[in-house]
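Since the structure is predicted, the reported quantities are computational estimates derived from the model, not experimental observations.
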Amino acid sequence: FELAQGSGSSRQGLAPSLPPVREGRDGMAQSGQAAPWGWSSWSDGCNASCRVDNFEPVPDDESENETKVRKHTMDFTLMTYNVEEYYHGFDRGMVAGVAIALQEKKIGKTEVRDWFARLRKHVFRNIDLIRKLIEKHNPDIICLQEHSLGFTPELLQKLGLLAHLEEEDSFSHGDIVAKLLPEEYSFFVMGTKECPAKFSELANAVAWKKTKFALTSQLGTLITPKGKRTDGGESLYTSRSAALVQLTPIGDEDAVSFVVCSTHLMGGRFEDSNWALDHASGVNERVSQIVAIKEALNSAAFTVGVPVVIAGDFNTMKKGFLEGPFVHEAQNYVFGKTILYARAQLLQDYRDLYVPYQTAVHRKLEALGYSVAYGTEDTVRAMQTSKHSGCVDWIYTKGMLSKKDERILMSNETSGGSAWASDHNAVLVTLSV
């Protein structure tokens with residue numbers, strides 16, 4: 001297994017005094033269909049930072065590495081899945097809280113070891129459910145977000161826990177990968193430097209079948225470095241990364257190599273309040289992250305002009321903010337308990353300021369020549385990928401075709417409906433290159 005360690009909120013109402021965004025609004029879409037989730041709340045899709053002129057559509061002569069779709073030589077399936085650090089449903093708090101309680105002498109070694117034993121059991125239960133989902137649907141390529149890098153002696157020492165644990169109490173990244181992936185997969189990860197999150201450093205990852213693809217090159221990059229603040233310094237961004245691999249199909253001399261990027265963009269409940277600060281400064285961090293990925297793709301690590309897939313948790317819907325079953329929850333989440341302004345003013349700011357800010361990342365990708373791989377709009381419940389929102393997990397391609405046969409794979413599918421392995425569903429689609 002290849003390992004690249006790298007670098008990896010409070011809600012508020014809309015402020016009508018914010019300067020306008022230099023962007024038009026996305027169009028409307030459709031509605032309908034049954035929900036894949038037992039939940040109907042919204043919150044995961046809310047934020048993003050880049051200079052305003054970085055998320056204006058670029059002229060044709062500014063689109064770098066334009067790639068024409070070639071006659072495909074092979075089909076392959078790709079899954080993207082935010083696995084929530086394999087922590088979903090654990091109700092005993094985070095490792096930082098354990099460290100604080102130990103430091104304050106509220107607990108001792110027995111309680112620390114008990115917490116780790118409970119965590120281990122829960123994490124590997126979720127990993128087992130995800131492994132079964134992988135084995136059932138057999139994707140050729142897997143993109144993971146919020147993948148856990150496990151415990152390291154350095155992290156446990158930093159938290160003051162190492163001396164209170166036995167060797168069997170913690171678990172490593174190698175332990176996680178061994179239980180998560182069948183042996184036929186190779187694996188590359190890039191950490192985010194968000195460490196610890198719930199209990200470990202988070203990472204983005206790409207896995208591929210060794211019998212189908214040969215690794216040509218790999219690159220891990222930070223798309224938001226640790227410690228980066230909003231322009232005025234008022235708020236801290238969460239550090240973010242991207243894991244990129246160039247793969248070549250095996251067994252076909254005429255096969256075209258391509259790059260797969262797994263990433264997790266800005267947003268979610270811990271960063272959602274940053275949108276107003278970004279907008280007031282004329283920036284969009286989520287779009288900046290796409291620009292950083294574009295720069296990584298243009299680096300010497302990869303062949304110029306090859307097809308590209310960018311997949312992951314974008315933390316934003318597309319058309320679902322303005323039409324469909326998630327509009328009401330989205331508006332309520334954004335407005336919060338704001339009582340300073342009339343609802344009409346809040347609705348206008350939501351439509352004219354907030355939504356264009358959130359959906360700018362989609363327009364940026366389209367301006368760079370990418371197309372969404374889905375055949376169904378995100379205005380229907382059948383496309384819900386997050387417990388807290390609608391469709392926030394996306395697959396974009398450039399220079400290859402999608403069969404647009406996407407399937408939303410339920411996070412409780414392999415438990416018989418009794419347990420959720422993550423707060424996201426996986427998405428599986430067939431691509432042609």
Side-chain angles (χ1 to χ4, degrees), residues 4-12 42-50 55 80-88 94-97 143-149 155 158 189-205 220-243 261-281 283-293 296 310-317 333-334 357-358 360-361 385-389 392-394 422-424:
Q5 298 267 3
S7 311
S9 101
S10 61
R11 297 183 290 184
Q12 61 184 62
W42 182 95
S43 77
D44 229 329
C46 298
N47 288 358
S49 181
C50 184
F55 60 87
T80 187
Y81 196 4
N82 181 324
V83 293
E84 200 191 357
E85 206 178 351
Y86 313 108
Y87 178 92
H88 184 73
M94 299 185 291
V95 70
C143 293
L144 299 176
Q145 303 82 47
E146 294 193 25
H147 172 67
S148 168
L149 294 184
L155 173 60
K158 171 185 168 184
V189 306
M190 176 62 190
T192 65
K193 292 297 187 187
E194 183 183 359
C195 181
K198 298 291 196 304
F199 66 89
S200 65
E201 180 175 356
L202 297 182
N204 294 293
T221 185
L222 287 177
I223 56 176
T224 295
K226 186 175 178 64
K228 181 177 180 181
R229 291 187 170 272
T230 54
D231 260 20
E234 302 98 328
S235 184
L236 196 66
Y237 295 116
T238 300
S239 52
R240 305 278 180 174
S241 75
C261 171
S262 177
T263 192
H264 187 184
L265 303 182
M266 174 196 174
R269 287 161 285 171
F270 302 106
E271 279 190 307
D272 286 344
S273 60
N274 282 352
W275 89 269
L277 298 172
D278 271 10
H279 176 73
S281 301
V283 300
N284 189 306
E285 179 65 10
R286 193 181 289 121
V287 174
S288 284
Q289 291 165 345
I290 292 298
V291 172
I293 291 172
I310 299 176
D313 180 357
F314 284 22
N315 271 316
T316 185
M317 295 186 287
Y333 175 77
V334 176
Y357 173 90
Q358 297 299 333
V361 66
T385 66
S386 170
K387 169 184 176 180
H388 309 289
S389 185
V392 300
D393 300 273
W394 294 92
S422 172
D423 61 351
H424 285 247

Participant: Which atom names give the shortest non-hydrogen contact between C143 and A311, and what distance separates them?
Facilitator: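 Result for this residue pair: SG-CB, 4.0 Å.
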Participant: Using a distance-only test with no angle check, is there a side-chain donor-acceptor pair under 3.5 angstrom linking S200 and E85?
Facilitator: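 The criterion, which ignores hydrogens and geometry beyond distance, is satisfied for E85 and S200.
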Participant: At what distance, to the nearest 0.5 angstrom, does OG of S148 lie from NZ of K198?
Facilitator: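 One gets 11.5 Å once the value is rounded to the nearest 0.5 Å.
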Participant: Is there a side chain to side chain contact (heavy atoms under 4.5 Å, CB included) between T263 and Q289? Walk through the geometry before answering.
Facilitator: CA-CA 9 Å; T263 192; Q289 291 165 345; over 6 Å; no
Participant: Are the side chains of T224 and M266 in touch, meaning some heavy atoms are under 4.5 Å apart?
Facilitator: no
Participant: Can you see which heavy atom on M317 is nearest to which on S389, and at what distance?
Facilitator: CG-OG, 3.7 Å
Participant: Roughly how far, to the nearest 0.5 Å, is CD1 of I310 from CH2 of W394?
Facilitator: 14.0 Å
Participant: Could you point out which residue of I223, N315, T316 forms a side-chain contact (heavy atoms from CB on, under 4.5 Å) with L265?
Facilitator: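 By the side-chain contact (heavy atoms from CB on, under 4.5 Å) criterion, L265 pairs with just one of I223, N315, T316: I223.
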Participant: Would you say that T238 contacts E194 through its side chain, given a criterion of any heavy-atom pair below 4.5 Å between the two side chains?
Facilitator: yes
Participant: What pair of heavy atoms forms the shortest contact from E146 to H264, and how long is it?
Facilitator: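 Heavy atoms only, the tightest pair is OE2-CE1, 3.0 Å.
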Participant: Which pair of heavy atoms, one from A205 and one from V189, lies closest together, and at what distance?
Facilitator: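 Here A205 and V189 meet closest at CB-CG1, 3.6 Å.
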Participant: Side-chain donor-acceptor pair under 3.5 Å between N274 and S235, yes or no?
Facilitator: yes
Participant: With sequence neighbours excluded, tell me which residues meet ring pair (Phe, Tyr, Trp, His ring centres under 6.0 Å) with Y86.
Facilitator: H147
Participant: For the OG atom of S239 and the NZ atom of K226, what is their distance to the nearest 0.5 Å?
Facilitator: 5.5 Å
Participant: Within the side chain of S241, is there an N or O that forms a donor-acceptor pair under 3.5 Å with the backbone of M190?
Facilitator: yes
Participant: Taking all non-hydrogen atoms of both residues, which atom of Q145 and which atom of S262 are closest, and how far apart?
Facilitator: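 The pair with the smallest heavy-atom distance is NE2-OG, 3.2 Å.
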Participant: For the pair T230 and S281, evaluate side chain to side chain contact (heavy atoms under 4.5 Å, CB included) and give the outcome as yes or no after the intermediate values.
Facilitator: CA-CA 9 Å; T230 54; S281 301; over 6 Å; no
Participant: Taking all atoms of both residues into account, what is the closest heavy-atom pair of H424 and V392, and its distance?
Facilitator: CE1-CG2, 3.7 Å
Participant: Under the criterion side-chain hydrogen bond (donor to acceptor under 3.5 Å, both in side chains), which of T80, T385, N82, N204 is the partner of D313?
Facilitator: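 It is N82; the other options fail the test.
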